[in-house]
J.: 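The structure follows.
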Amino acid sequence: MSTSIQISAPGKLMLLGEHAVVYNRPCLVSAVDQRMHVTLELTTRDKFELNAEDVNIKNYQKPLSEIGGGEIPKGASFAEMAVKNFCEKYQLKKGIKITTQSQFSSLFGFGSSSAVTVCVIKGLSELTKISLSEKEVFDLSYKTILDIQGKGSGFDLAAAIYGGTLYFVTGGKKMEPLDTKGLELVVGYSGVKADTVTMVNLVKEKMIAQKKVIEKIFDYIAQLVEDARDAILKKDWRYLGTLMDYNQNYLEELGVSTEKLNRMITAARKTGAYGAKLSGAGGGDCMIALVSKEKQKLVQEAIQNNGGQILELAIEAEGVRFEE
Ligand code: MEV
């Protein structure tokens, strides 16, 4: 039996439906071709060991009996809780050493925590020869996310596991692949790191204060996602862009966009993008613009001129996989 394994999972971009998807609505998400790489090793040492330099975790160690307890540094929490959940569920009592290395910065909001969680659970199942279906990997990963964050839809886990582009409903109630061939995106990073939990809580407070209004907004967003799915099937990029613009308006109503994101989005629209919106929790992170090949350069320049950093990447990437 092998005691060490290398595995990787992609980051993700939300296309439409963020926030509403936390409240039982659908979203569209695509995996991106920038990956989180994880090395997992079963050891004879009675401890959990972690190195994750991207998030400032160096030689972090804990006795197996204390795993998941006490103070856990933020950068270690997803790997540690994923190990805890796997070991508890499958009665694994072995030392585990994990090293993570990301091709993308954890600042971009591409879902590095979810990608790590998926790699740890899938990797441990391979090392221990406990065969898990993709849905079982999803369910245990989703439990891990909820244990740490309390709330979340799990859409980023689905992208990390299945790859491609998915029509996804909260908690994995639906996860259906969608062919987005021909869809061209420009991705701009706002330079501001957003905290997903803070943004989700901000919307939660609004939901408590103005439930009827926010539920209506989420219903409208859900309709946009349904229409966007049809537009993608028909490859009607112009209409998909319009739907993205509407989605952005609702996100602004929810108070999760920022002036910087708005400037980048407006600049993209003015230079000929079919549509543009923030992608993810808001409060910073990235925006996306849907473009034709001809307009791509112009839109990129306009975003840069408004303080955005262009991230060169492709969507529809492969899901979690073992590496040589
Ligand atoms: C964050 O990238 C997207 C949210 O919808 C949260 C989630 O779906 O878990 C805001």
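Whatever order the structure lists them in is the order used to number ligands and atoms, beginning at 1. In this chain, residues are counted from 1 in sequence order. Nothing here was measured: the structure is a model prediction, and the numbers come from that model.
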J.: Among all protein heavy atoms, pick the one closest to atom 3 (C) of ligand 1 and tell me residue, atom and distance.
T.: Phe155 CE2, 3.6 Å
J.: Taking non-hydrogen atoms only, is Lys12 closer than 4.0 angstrom to ligand 1 via side chain, backbone, both or neither?
T.: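 For Lys12, the contact with ligand 1 is made by the side chain alone.
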J.: Please check if the number of heavy atoms outside Lys74 that lie under 6.0 Å from its NZ is greater than 12.
T.: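 Open.
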J.: Does any N or O in the side chain of Thr242 come within less than 3.5 Å of the main-chain N or O of Arg238, such that one atom is a donor and the other an acceptor?
T.: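 Answer holds: yes.
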J.: For ligand 1, is His19 a contact, meaning one of its heavy atoms is under 4.0 Å away?
T.: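 Yes, His19 has a heavy atom closer than 4.0 Å to ligand 1.
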J.: Any idea which atoms of ligand 1 are less than 4.0 Å away from a heavy-atom of Gly280?
T.: 1 (C), 2 (O)
J.: Heavy atoms, side chains only, cut-off 4.5 Å: are Arg25 and Val169 in contact?
T.: no
J.: Hey, which atoms in ligand 1 end up nearer than 4.0 Å to a heavy atom of Val21?
T.: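 Heavy-atom distances to Val21 below 4.0 Å select 5 (O), 8 (O).
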J.: Do Lys62 and Glu80 sit within salt-bridge range, that is, some charged N less than 4.0 Å from a carboxylate O?
T.: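 Here Lys62 pairs with Glu80 in a salt bridge, since their nearest N and O are under 4.0 Å apart.
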J.: Taking the side chain as everything from C-beta on, heavy atoms only, tell me whether Glu312 gets closer than 4.5 Å to Gln300.
T.: yes
J.: Can you name the atoms of ligand 1, numbered from 1 with element, that are less than 4.0 Å from a heavy atom of Gly152?
T.: 9 (O)
J.: Quick test of your reading of the structure: of Asp156, Val22, Leu251, Leu157, whose heavy atom lies closest to atom 6 (C) of ligand 1?
T.: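 When every heavy atom of Asp156, Val22, Leu251, Leu157 is considered, Val22 comes closest to atom 6 (C) of ligand 1.
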J.: Can you list the ligand 1 atoms lying under 4.0 Å from a non-hydrogen atom of Ala281?
T.: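 Taking each heavy atom of Ala281 in turn, ligand 1 has 1 (C), 2 (O), 10 (C) under 4.0 Å.
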J.: Looking only at distances, can you tell me whether any N or O atom of Glu18, backbone or side chain, sits closer than 3.5 Å to an N or O atom of ligand 1?
T.: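 For ligand 1, there is no N or O atom that lies under 3.5 Å from one belonging to Glu18.
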J.: I'd like to check the ring pair (Phe, Tyr, Trp, His ring centres under 6.0 Å) partners of Phe108; sequence neighbours left out, ordered by chain and number.
T.: Phe110, Tyr189
J.: Flag the pair Glu126 and Lys122 as a salt bridge only when some basic side-chain nitrogen lies within less than 4.0 angstrom of an acidic carboxylate oxygen.
T.: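 No, Glu126 and Lys122 are not salt-bridged.
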J.: Look at atom 8 (O) of ligand 1 and say which protein heavy atom is nearest, naming residue and atom and giving the distance to 0.1 Å.
T.: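 The closest heavy atom on the protein side is Ser153 OG, 2.6 Å.
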